[in-house]
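Note that the coordinates shown come from a computational prediction; the quantities given were computed from them, not determined experimentally. Chain letters run A, B, ... following the sequence lines, proteins first and then strands; every chain starts at 1. Computation of the quantities below employed the complete heavy-atom set of this structure, encompassing side-chain atoms and omitting hydrogens, waters and symmetry-equivalent molecules.
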Amino acid sequence: MTMTKAENRVPLRVVNLECTFPTRGGTVQAVSGISFEVRPGEVLALVGESGCGKSTTGKAIMQLPPPTSGSVEFEGTDLTSVTGSSLRDIRRRLQIIFQDPISALNPRRKIKDIIAEGLVIAGVPKEERQKRVEVAMRQVGLDPANGERRPREFSGGQCQRIAIARAIVVNPTMLICDEPVASLDVSIQAQILNLLEETRRTYDLSMLFISHDLAVVNSISDRVAVMYLGRIVEIGDADSVYRHAAHPYTNILLDSAPTVGDVVRPPSGLELKGEVPSPLNPPSGCRFRTRCPRATAICAEQEPVLQEVRTEHQVACHHPVVDPDLPNNERPHV
Amino acid sequence: MSSPTFGQPKIFSSPMGHRKYLALLGALTVPFALASCGGDADGDDQGAETDQDDSANGEDDASNGEPVSGGEVTQVISVDTSTWDPARLPNMNPTLSASPFSAVYGQLLYSNVESGEVEPGLAESMTPNEDGTVWELTLRDGVEFSDGTAFDAEAVKTNWDRLADPETSAVSAPAAQSFESEVIDELTLELTTEEPDFFLDRVVASQLTFIVSPTAMDENPDVFTDDPVGAGPFVLSEAVSGSHYVYTPNENYWDEGKPYLDQLTIQVIGDRQQQRDTVSSQNTDLFIANAMGAEEWIAGTDMQLPSFDVGGSRSMFFNTARAPFDDPRAREAIALALDLEDIAYANEPEEGSTSPDSLFAEDSPFYDVDFALPSQDPDEAQRLFDELAEEGSPVEFSIVAGGAGGTRSAELIQSELGAYENVTVNLDIIPLPNFEEQVAFRGEFDLAIRPGSMFVNSPSPGIDQLLRTGGVNNISNYSSDEMDELLDAVRAESEVEDQRDALSEVFDLYLEELPWLPFGNTELVVTHIPELEGIELFEEGTARYQELYRTD
Amino acid sequence: MSESSPLLDVRGLRCVIPTPRGEVQVLSGVDVSLEKGQTLGLVGESGSGKSMFARSIMGISPPHARLEGEINFAGQDLLTLPKKAARRVWGKRIGMVFQDPMTSLNPVVRIGRQVGEAAEKHLGLSRQQARKRAIDLLELVGIPEPAKRHRSYPHEFSGGMRQRVTIAMALACEPDLLIADEATTALDVTVQRQILDLVKSIQTDRQMAMILVSHDLGVVSDRCDDVAVMYAGRIVEKSPTDRLFSDHRHRYTEALLQAIPRFDTPKHSHLAAIEGKPPNLAALSTGCPFAPRCAHEIDACTEAMPPMRSAEDELHWFACANPSRSKELLS
Amino acid sequence: MVILRAVAEKLLYLLPVLLLVTLATTLLIDLLPGDPAVTVLGLGATPEQVERINTEYGFDRPFYERYVTWLFGALTGDFGNSLVTSRPVLAEITARLPVTIQLTAMSLVLAVVFAIILALVAAVKEGSKFDRMMAALASASMSVPPFVAAVVLVFIFALVLGWSPVAGYSPLRDGLGRNLYYMALPVITMAMLETGFFYRILRGDLGTTLREDYILAARSKGLGTGYIMLRHALRPSLFSLMAMVGLSVGRLLGGSVIVEYFFSIPGLGQLLVNSVTTLDIPVIQASVVLIAIFYVLINSTVDVLYSVVDPRVKLR
């Protein structure tokens, strides 16, 4: 447990994570056996559209609720098998921030108590608690004088600051951010993204950043994993994925993102077909095949596995969009 | 004591608003319904009684013309009959089931509500022999049931035997079992009792008066549910159980030209407020009930309120079978300690009350029989309480009461006795349906306040059953050979004068013993529209339906 | 721009909502004019008044809101027009698509009915004809098997399909103006693109004018002729779309564009966030409402509300006392 | 058919409840104060007579024996005979049941219709004088128990105005007009309280519905207010009301006990009151069970009706 970063221990390793939920209509396969790791000091982004399982993955890592199967290894410990005080200790080092900051905070408690919560559990003495809460509040740009107030008196952006203060006050080593800026206005969004970046640097955190917004992801992450219907379809170095997206779905996603500013890649020209299939009964083979413009017979028969297309860049597709020799701007339309 | 003023005396009301109250009340009043001015003189009256109605009901607006045929009348009663079986009829109380029965079955004999005199009905006469052990019941000639079968001695005997049969579980079984009957001829029955009883005609008039067609009982399975067959003035044409009964004239009725009415409707209204509303809005032609403040009801209407003075009282009973009230001094002490008028007022605060100076109505031949309850004497009461305490048997008891009125009275008794030393009172307020069982059947009480009023208009069975050992109404569990002999003596007298003398001796002993204590009067209330004539009341208020007519 | 009367000409529109804590001026004098077939992008953060503006035009502002100014549509002022006459404009000549397709469709009414009812009312169609029209409209917006699915209820559709239904609903009477109020905000990006493309193509086909209301500059960037930026109940800058992105003058527009993460933003770089938070509309001070958050605030900013002025020509307007000169500086 | 099957299925689930209710009623005899035999025989009851009745009706047997006997009888439609009238209990009840059903149903319909009309009008005029007045009236009507309402209504309509009879009943076979003449006041009495409840719940839900986007969308289509209220606002606002209706059936059945007694209407409620006061155990037992079944049936129907009003609710 006392291993240092120098030993290059992988902070988080997820292997064959599977999450299913029984519903009236049948069993929903929210996450279907995904594996990835977050490296020391790295920000890994999980991107995808609603229902792809990215948030479920984040919660499953936190054991809220525990995954149906697979392992979640945090700093060498399998979270699915630990209980009691060691789980509490791990929880301290692994913190999560949610999308809706206002509802994630107990409205009846003072914010300084909310922030101190993790310290109380860790058994930190009162005076020290106070001090650390003040430091954390300053860190996230909140006036410690406001500690007596309650969440309702704060705006969404400020509540997200409180949530971040609550997370960092216990000196975590890793932060899971589940759509942390999705409900915020553009001007506030930039403030929070800056704060997260600053925090990451200050505390030398690893981060799992879950978001649907590709532009936001681009600004903060080192690597990106693209999810579709419970599976990772493409994972790799962010620049590589953004500039040389190999999976047709990633390409369409990037084409669709409304952006401002210079174009980093030409549109792929791929068009999405149909509707998202039901997670109750996902398609055989490649799950994207029902909507994929490049799908062929093999896609229905054989499930593609993640394969390296470039260094640090894997894709799970029988017909990836790959032409590594061409300059970025000259990739042919398919 | 606590209330400085009391309302108008004379008219009393009982908590009529609740049917359960009435059901109990009715059940309790069964044997008090009889009255007699004694002797055989009144038993064998001549024919129809229509010419007596003015004297019977004390009304001044009657008989200013000949009866007219036609018209419809609605009467409101307060409790549904539920059945047409005389065996199931709890009593003769008009507020219970007797009115619907009387219209369809008629009555063998009627006993006048005020005087207690027995008058002929479907029977022409009922006369005793010299010593009062054998009675002869003579039926009218040519009477038929509405199904055309003969109303004869055999039919009457069949009915009575059925009531006497333990299998029938009839309410009136004790009455039916009190004599042997024998058919002499088609129209004559002979009734034989073991002991002389010059009051047997009251028993018949009260409890054995409804005769059902035996043929119908044999052949018609619905005879007691919705198709009663009797020899009364009306037949039932529509029955909505729980709501109303519609009658049309019986084509076979023996008395030509009667009934006068084309239709009679008897409507059941259980809620007291609604009874009042019905009367004050003149939504009914006739309403008979047994005690309430009806004067207010009819204020501003032209409804009539003839006054009927009936006997009876509201009472409290001592349990003479166990301590402390097995000692007559304890009973006397209570009687002396309390202000009975206060208790009566608490029982029914709307109208106020006086303590009764007689248990009989003014028109009754027994009215002036000496009956003077001891007046309040706190010093003497305290002396008796002290005396009993010294002897080691202090007066400690609980009062069993039910219903609002009973509860109020019990509370007042408790508080009045609180002023005395050496007397301890607890209250035991119980639900009304329980009262009968706990008090009357099991005798588990010290002092019980009986809900509502009881009617008394005859020494027997009225007073008789209150005081005789094992008497149906002897709630006090009072048992005295001396008293039983005195009661036998009353029954054995054939002349009114002698009956009164014998009754005086009963009351003398009663006042010494005080097994129960009357504290308030009771009264029967009748309201009707001015156009309705021919109202005579019998028993506790059944009308002679064949005599009713409208003047408009 | 033709000098004949435009399709929509809003002048000095104010909207005041009384609240227990005083009156809130959610719109403080908005001027907008729109020609037939033109698309206007209306951009702003939450609380800027863009949705209230859209709703004011549609006559669905909150019950106690007080509207002042003029909303001239095809020469008629909707604010002074009798309600009955105005209703012949709403739904018939102006259609509106709402933000959330989950909530803007009645969950218990069949979609065919919801699509067809405006046509039934405004065009005097029979029930049968309205159904026929609804099916046609559903087909137009790309609902598969419309003849069957017009009998479905909203919950039987995915989010994207529902939004197509609401678009069909807004198009029922072939309106001259379509208002899309954050019409794609609740949708996934792939669906968003499909919907925006669909709307654009229909708009082009039918020569319909459109107001595209969004908080997302990216959404309006390549689909509008003009873009208006709103802040605190006012339009602070308005210009042809390409010019707004390349040559904006208002400091708020500038700050907004810098704050947005882009695909060309370097990793882990510091975003130019706008500090502070949007102003409280119930307690606006004199002067530019953006001044307290503005990095280029000068004295003039707080003295009075800077008037709208044109940049180079009549097409580009802004209201800033210390405007950026991005283009001039470059040149 | 789907609906029928759903109701049947719900009833199946409720079988244990019914068993429990019947069991409880069997225990009544031990729980109720008083001895039914003594009550029916009256004051002069002799121990022999009491014993005879107890043997005849099985009151002296242990409760599980009584229960099994009763249950088997009930399953074959034999609920025994009334202690008081000796008539078959089933006949007593079936004679009364239609009256109570009519009273309850009419009250319910009247309350629902009035509540809907008033709530729609008030919701359209949100914040108006009418709206505020209705809110006050609804609270008032909810706080007036039926027996008070009955007295007031009789005073106004029967005594002062003379429009209706004070009490009484006329069966349907004697003509609808006469029947309604008698039923009007009792129905209004029962409906008043419910109207208040229904109004309040519906007005609240309408208020919420009217803030929904789809109402804005409907308004933006230029549709008329009346059309929007009826077509778009009413149905989605009915869910809580429907749940209330199910509950109010229970309240109405309870209220019918008082109202039937007060107005002398020969329904099940009146029968139950009479039976309780006369300790007519067989009748009490059967009535309670019947009311329970009735209640369960209504609530199951309401559950099923959800799927009719709200297409999102799927019948399983």
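The heavy-atom pair separating C:Asn106 from D:Arg231 by the smallest distance is ND2-O, 4.1 Å. Here the shortest heavy-atom pairing between D:Lys221 and C:Gln114 reads NZ-O, 2.6 Å. For the residue pair C:Val108 and D:Phe239, the shortest heavy atom distance occurs at CG1-CZ, 4.1 Å. The nearest pair of heavy atoms linking D:Tyr214 to C:Pro107 is CE2-CD, 3.3 Å.
Counting heavy-atom pairs closer than 4.5 Å to chain C, the top-ranked of the candidates D:Gly127, D:Ala233, D:Pro236 is D:Pro236. Interface check for chain D: of the options C:His64, C:Arg110, C:Met169, the most heavy-atom pairs under 4.5 Å are formed by C:Met169. Among C:Ile57, C:Leu105, C:Thr166, the residue with the largest count of heavy-atom pairs under 4.5 Å with chain D is C:Leu105.
Both the backbone and the side chain of C:Glu117 come within less than 4.5 Å of a heavy atom in chain D. Only the backbone of C:Ile94 comes within contact range of chain D, judged by heavy atoms closer than 4.5 Å. Contacts of C:Arg113 with chain D are made by side-chain atoms alone, with heavy-atom separations under 4.5 Å and no backbone atom involved. Proximity to chain D (any heavy atom under 4.5 Å) is restricted, for C:Ser61, to the backbone atoms N, CA, C and O.
Judged purely by atom type and a 3.5 angstrom limit, D:Arg219 uses its side chain to pair as donor or acceptor with the backbone of C:Gly59.
To the nearest 0.5 Å, atoms CE (C:Met58) and OG (D:Ser220) are separated by 4.0 Å. One distance of note links CZ of C:Arg55 with CG of D:Leu216; it measures 5.0 Å at 0.5 Å rounding. A distance of 15.0 Å separates CZ in D:Arg211 from OG1 in C:Thr103, rounded to the nearest 0.5 Å.
Counting non-hydrogen atoms of other residues, nucleotides and ligands closer than 6.0 Å to CZ of D:Arg203 gives a total above 12. Surrounding CZ of C:Arg151 are at most 12 heavy atoms belonging to other residues, nucleotides or ligands under 6.0 Å away. For C:Lys132, the NZ atom sits in a loose shell: 12 or fewer heavy atoms of surrounding residues, nucleotides or ligands are nearer than 6.0 Å. Surrounding CZ of D:Phe114 are at most 12 heavy atoms belonging to other residues, nucleotides or ligands under 6.0 Å away.
Side-chain contact check for D:Asp213 and C:Ser104: no donor-acceptor pair (N or O, by modelled atom type) lies under 3.5 Å.
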- Using the side-chain contact (heavy atoms from CB on, under 4.5 Å) rule, take D:Thr225 and C:Arg87 through it: C-alpha gap first, then chi angles, then the decisive distance, then the call. CA-CA 11 Å; D:Thr225 308; C:Arg87 279 208 195 110; 3.2 Å; yes
